[in-house]
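These notes are about the structure you will find just below.
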Amino acid sequence: MGAAMRRIQAGSALSAFGLGFTVPYLYVYVAQVRELGATTAGVVLAAFAMAALVVLPFSGRAIDRRGPVPVLLVAALLASAGALGLGLAADVGSAVASAAVLGAGTAVMQPALATMIVWCSAPAQRTRSFAMQFFLQNLGLGVGGLIGGQLVDESRPGSFVLLFSIEAAMFLVLAAIVLTVRMPGSPALQDTRPGSAQPGGVRALLGHKAMVQLCVLGFVLFFACYGQFESGLAAYGTEAAGIAPSTLGIALAANTAVIVAAQFLVLKFVERRRRSRVIAAVGLIWTVAWLCAGYAGLGHGSQAMATAAFVSTYALFGLGEALLAPTVAPLVADLAPESMVGTYNSAFALVKQLALAVGPAVGGPMGATLHGPYIVTFVLFSLGISVLAVRLGKRLTPVQNQPSLAARPSKIVARHEPRRADVAA
């Protein structure tokens, strides 16, 4: 790993560390500590999510025109201002505005960081580079959440001001690190220059059938997993399986532990196999996860068995996530034309954000009241992941599907442009 890549990964981990400090406590902070009420807290969380949906459609073109570094600097400064504003917010207007600024900044960071990783790595290295980013981000979120939990005190608003100030500082550190990164450019991207984005980029993306299929698959992946973690699945666990709130924390810890433990163990497995088949395997693993959840809430075992099954659900989700991290993000990069890497990364980030917005809205009410249909629905969604992955595999070139087949990494460049058969007339 080169010096530029190490700095990018360090900055990514520190920004995740900052988010881990505050995101788990944002609702409690607005509703109880600032005494603005549950409704305002809901509006603040919605503003955080909606801001991402607003800015992501424009961020990709900005990355391709200006380069990822200046876009990431602006995003980090916005996120820092939003975090500090939330820490000082005393009324509804300032809280909502600060949450929107924070949401916009953090949303743009992801495609900008992903584009920097692509520019600083050869295609053969991307699997490990994105796996490392996912590992460090989860580690940062987990450690940040643990330390933040020890610092917060609902009776002392100042403790939350400290948390948001630390988060703001982490984003400034990210900006400082990015300023020191010399972007050498990958050998595969020598001809890529800021400002070289092709006109009609979104139209070209929508005409690239493999990318469209990957976006559909991505929506189902995020909807069936991340979109249920803290909404539908949590509601189902407490209502149907009788899981104590403290056990939800154990389940999330099991999810993170599996990701941390398995991430690099699965790399050799992923590198030697077709990406479409790896994603299809994730669908089957998550099918088993949802069946475990079904047993926890609908079975007739003891409470201990139900708890073990529910925790196993989150652990199996973690195994699937560890397989996806070195698979999906590099595939987005390999499908992208050289001058549209930022557009493709932003489009996929937008799909993820949409899934994270729709997932809780659908899964929350179902998980709380319609226990049987909830499990059946997401078992079918998980099986759908496998079907969509197999279909996607038919759209990919052999090297896109399995980069290890390339005699030289640079040959992947020839595969970047959408095939004529994949582009709509």
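Worth saying up front: this structure is predicted, and the values here are computed from it rather than measured.
Taking CD1 of I63 as the start and CE of M116 as the end, the distance is 10.5 Å to the nearest 0.5 Å. In this structure, S312 OG and L319 CG are separated by 12.0 Å, a value rounded to the nearest 0.5 Å. Taking OG1 from T327 and CZ from F134, the interatomic distance works out to 11.0 Å, rounded to the nearest 0.5 Å. Annotation: the span from L136 atom CG to I8 atom CD1 amounts to 12.5 Å, rounded to 0.5 Å. Residue Q213 holds its CD atom at 10.0 Å from NZ of K394, rounded to the nearest 0.5 Å. Atom-to-atom distance recorded for I117:CD1 and M132:CE is 10.5 Å, nearest 0.5 angstrom.
With hydrogens and angles disregarded, a donor-acceptor distance shorter than 3.5 Å links the side chain of S346 to the backbone of G60. Under a 3.5 Å cut-off, the side chain of Q353 and the backbone N or O of A107 do not form any donor-acceptor pair. Counting only distance, with no hydrogens or angles, the side chain of T313 and the backbone of A293 share a donor-acceptor pair below 3.5 Å. The backbone N or O of R275 sits less than 3.5 Å from a side-chain atom of N401, completing a donor-acceptor pair. Not a single donor-acceptor pair under 3.5 Å links the side chain of Y344 to the backbone N or O of D334. No donor-acceptor distance shorter than 3.5 angstrom exists from the side chain of S98 to the backbone of A95, with no hydrogens or angles considered. Using modelled atom types, no side-chain atom of S129 and backbone atom of R126 make a donor-acceptor pair closer than 3.5 Å. Under a 3.5 Å cut-off, the side chain of R65 and the backbone N or O of R61 do not form any donor-acceptor pair. Side chain of Q263 to main chain of A322: a donor-acceptor pair is present (N/O by atom type, distance under 3.5 Å, no hydrogens or angles).
Partner of T115 under the side-chain contact (heavy atoms from CB on, under 4.5 Å) criterion, chosen from V71, T343, N345: N345. Each of L388, L335, V351, L396 was scored for a side-chain contact (heavy atoms from CB on, under 4.5 Å) with L214, with one residue passing: L335.
Here the side chains of E167 and L102 are in contact, with some heavy-atom distance below 4.5 Å. Two residues are said to be in side-chain contact when any heavy atoms from C-beta on lie closer than 4.5 Å; L331 and L392 meet this criterion. In this structure the side chain of K209 reaches within 4.5 angstrom of the side chain of R395, judged on heavy atoms. Between P68 and L113 there is no side-chain heavy-atom pair separated by less than 4.5 Å. Using a 4.5 Å heavy-atom threshold, the side chains of C292 and L316 count as touching. In this structure the side chain of L163 never reaches within 4.5 angstrom of the side chain of S159, judged on heavy atoms. Taking 4.5 Å as the limit, every side-chain heavy atom of L14 sits out of range of all side-chain heavy atoms of L174.
Between R128 and E271, the closest heavy-atom pair is NE-OE2, 3.1 Å. Pairing each heavy atom of L221 with each of W286, the nearest pair is O-CZ3, 3.5 Å. Considering all non-hydrogen atoms of both residues, L267 and A131 come closest at CD2-CB, 3.9 Å. In plain terms, the two heavy atoms of L356 and G227 that are nearest each other are CD2-N, 3.8 Å. Counting all heavy atoms, side chain and backbone alike, L172 lies closest to S80 at CG-OG, 3.4 Å. Contact record, G105 with L78: CA-CB, 4.3 Å, taken as the closest heavy-atom pair.
Residues N138 and E321 bring no donor and acceptor atom of their side chains to less than 3.5 Å of each other. S12 and Q137 share a donor-acceptor pair across their side chains, judged by distance under 3.5 Å alone.
Using cut-offs of 30° and 60° for the angle between ring planes, the W290 and Y374 rings count as perpendicular. Aromatic ring orientation, F222 versus F348: perpendicular (interplanar angle above 60°, classes split at 30° and 60°).
Atom CZ of R277 is surrounded by 12 or fewer heavy atoms from other residues, nucleotides or ligands within 6.0 Å. Remark: F264 CZ is packed, more than 12 non-hydrogen atoms of other residues, nucleotides or ligands lying under 6.0 Å away.
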Working for ring pair (Phe, Tyr, Trp, His ring centres under 6.0 Å), residues F164 and Y29: CA-CA 11 Å; F164 282 104; Y29 169 71; 4.8 Å; yes
CA sep, side-chain torsions, deciding dist, call: L383, S386, side chain to side chain contact (heavy atoms under 4.5 Å, CB included): CA-CA 5 Å; L383 292 173; S386 298; 5.5 Å; no
Stepwise side chain to side chain contact (heavy atoms under 4.5 Å, CB included) test for M109 and F171: CA-CA 10 Å; M109 284 182 193; F171 293 133; 3.3 Å; yes
Residues Y314, F310; criterion ring pair (Phe, Tyr, Trp, His ring centres under 6.0 Å); working and verdict: CA-CA 7 Å; Y314 278 79; F310 191 75; 5.4 Å; yes
Working for side-chain hydrogen bond (donor to acceptor under 3.5 Å, both in side chains), residues Y236 and Q228: CA-CA 10 Å; Y236 170 85; Q228 305 306 313; over 6 Å; no
Audit row: F223, F378, side chain to side chain contact (heavy atoms under 4.5 Å, CB included) steps and yes/no: CA-CA 9 Å; F223 177 78; F378 285 95; 3.5 Å; yes
Verdict with supporting geometry, L217 and I279, side chain to side chain contact (heavy atoms under 4.5 Å, CB included): CA-CA 9 Å; L217 174 58; I279 300 172; 3.8 Å; yes
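Salt bridge R34/D91: absent, no basic N to carboxylate O contact under 4.0 Å.
For the pair K352 and F219, the cation-pi test (distance below 6.0 Å, angle within 45°) is failed.
With sequence neighbours excluded, the residues forming a side-chain contact (heavy atoms from CB on, under 4.5 Å) with V30 are L26, L36, T40, A41, V44, listed by chain and number.
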